Amino acid sequence: MSSETVKVYRDLMGHNAEWAEKTRKLCAENGITLFNIIGSPGCGKTALLEKIIPIIREKHRCAVLEGDIETTNDADRLAALHIPVSQLLTSGICHLEAKLVHHALRDLPLRDIDYVIVENVGNLVCPAEFDIGEHAKIVVLSVTEGEDKPIKYPLVFRESKAIILTKTDLLPHVPFRLQDCMDYIKKVNFGSPVFHISALRGDGLTALVDWISGYPGIHTQTKTD
């Protein structure tokens, strides 16, 4: 697959738990760590990936599975980074199913990849309820969405191994109460780290990449030719 070519997968349904286990086995066999990034439409998930992938690529190899309802717009942006990118189209469904993720993952050059990052469909509700075989969910919240999202949608914040607060460069210009947001996060998830990110200015990116690089389960097996 050419680095600029986006392969498109559509709407594969199945027994979710079974396919999630198949994905975990496939990742273990190939020494791959899978991250599942979840956030609302417009929270900055794709912009964040555009910034952190070049940093990750300094030491590791990665690919992206891009979830969307209808378009390949975000996948096209990420393919410009010259990494393997596949588009997962759900045809109206508000989350990714494990079977769809597994089929797209299986077609990647797995022996040449250390990380696969799944950008889930823009939604703070349904994606949190579906296991896609990931090693870690990561939730993204922007300062333009309101500080109370952690208590309005607690499941995704509770399930996530890291919480990313994006667009922090806008804090002086929006009515977002940062301390209230941090207090709400602690109510539902006391242990996971919170990264304050401005993709526009580059704030916080290195700390986030360091966390990704050090996440347990990465390189679970040594890749061999």
Side-chain angles (χ1 to χ4, degrees), residues 35-56 64-78 80-81 85 87-88 90 94-96 117-130 132 134 136-212 215:
F35 293 100
N36 181 9
I37 294 185
I38 300 170
S40 298
C43 71
K45 299 187 294 300
T46 307
L48 176 67
L49 293 180
E50 286 179 314
K51 294 294 185 178
I52 65 171
I53 285 173
I55 304 174
I56 294 173
V64 172
L65 302 183
E66 179 67 35
D68 205 318
I69 292 176
E70 291 293 347
T71 77
T72 64
N73 292 355
D74 293 344
D76 293 338
R77 287 169 57 181
L78 296 171
L81 300 176
V85 177
Q87 180 71 66
L88 314 184
T90 65
C94 58
H95 61 274
L96 293 176
I117 300 173
V118 178
E119 183 181 346
N120 216 308
V121 177
N123 189 342
L124 284 174
V125 183
C126 304
E129 300 173 0
F130 283 83
I132 60 169
E134 73 271 28
K137 288 182 174 65
I138 299 173
V139 64
V140 179
L141 169 67
S142 73
V143 302
T144 60
E145 296 175 67
E147 64 278 347
D148 60 349
K149 293 297 183 292
I151 54 171
K152 293 185 72 173
Y153 307 100
L155 179 61
V156 67
F157 286 87
R158 187 180 302 124
E159 294 290 320
S160 291
K161 301 301 183 185
I163 298 163
I164 300 174
L165 186 62
T166 58
K167 305 184 183 181
T168 55
D169 54 286
L170 294 177
L171 277 172
H173 312 291
V174 295
F176 183 90
R177 297 186 294 273
L178 179 59
Q179 188 56 56
D180 286 354
C181 182
M182 298 300 293
D183 291 342
Y184 292 145
I185 290 172
K186 288 180 180 177
K187 284 185 177 180
V188 298
N189 185 340
F190 190 80
S192 294
V194 182
F195 296 97
H196 295 198
I197 300 287
S198 167
L200 183 65
R201 296 191 308 211
D203 300 348
L205 298 176
T206 300
L208 175 59
V209 171
D210 287 346
W211 179 85
I212 290 172
Y215 190 78

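Model, not experiment: these values are computed from the prediction.
- Between Tyr215 and Phe35, the distance from one ring center to the other falls under 6.0 angstrom.
- Ile37 and Ile117 get closest at one heavy-atom pair: CD1-CG2, 3.6 Å.
- Considering only residues two or more places apart in sequence or on other chains, Arg77 meets the side chain to side chain donor-acceptor pair (under 3.5 Å) condition with Glu50.
- Contact between Thr46 and Glu119 at its shortest, heavy atoms only, is OG1-OE2, 2.8 Å.
- For residues 198-207, the pairs satisfying salt bridge (charged side-chain N to carboxylate O under 4.0 Å, His left out) are Arg201-Asp203, with sequence neighbours left out.
- Heavy-atom minimum distance, Ala207 versus Phe195: O-CE2, 3.5 Å.
- Considering all non-hydrogen atoms of both residues, Gly67 and Leu96 come closest at CA-CD2, 4.0 Å.
- The shortest non-hydrogen separation linking Glu129 to Leu155 is CG-CD2, 3.7 Å.
- Looking at heavy atoms from C-beta onward, Met182 lies in side-chain contact with Val194 at the 4.5 angstrom threshold.
- Distance alone, capped at 3.5 Å, places no donor-acceptor pair between the Asn36 side chain and the Ile38 backbone.
- In this structure the side chain of Val140 reaches within 4.5 angstrom of the side chain of Lys45, judged on heavy atoms.
- To the nearest 0.5 Å, atoms CG (Leu205) and CG (Leu48) are separated by 7.0 Å.
- Between the CG atom in Leu124 and the CG atom in Leu141 there is a gap of 7.5 Å [rounded to 0.5 Å].
- For Glu70, there are no side chain to side chain donor-acceptor pair (under 3.5 Å) partners, not counting sequence neighbours.
- The two atoms that bring Lys51 and Ala199 nearest to each other are CE-O, 3.1 Å, heavy atoms only.
- Side-chain contact check for Ile52 versus Ile212: some heavy-atom pair is nearer than 4.5 Å.
- In this structure, Gln87 and Asp68 have side chains that are in contact, with non-hydrogen atoms separated by less than 4.5 Å.
- The OG atom of Ser142 sits 12.0 Å away from atom CD1 of Ile164, with the distance rounded to the nearest 0.5 Å.
- Two residues are said to be in side-chain contact when any heavy atoms from C-beta on lie closer than 4.5 Å; Thr72 and Glu66 fail this criterion.
- Annotation: side chain to side chain donor-acceptor pair (under 3.5 Å) contacts involving residues 156-169, sequence neighbours excluded, comprise Asp169-Ser198.
- Taking CG from Leu170 and CZ from Phe176, the interatomic distance works out to 11.0 Å, rounded to the nearest 0.5 Å.
- A distance of 9.0 Å separates CG in Leu165 from CD1 in Ile197, rounded to the nearest 0.5 Å.
- Rounding to the nearest 0.5 Å gives a distance of 4.5 Å between CD1 of Ile163 and CD1 of Ile185.
- Put simply, the side chain of Lys186 never gets that close to the backbone of Gly191: no donor and acceptor are under 3.5 Å apart.
- Residues satisfying the side chain to side chain donor-acceptor pair (under 3.5 Å) criterion with Asp183, sequence neighbours excluded, are Gln179.
- Here salt bridge (charged side-chain N to carboxylate O under 4.0 Å, His left out) pairs that include residues 140-154, with residues two or more places apart or in two chains, are Glu147-Arg177.
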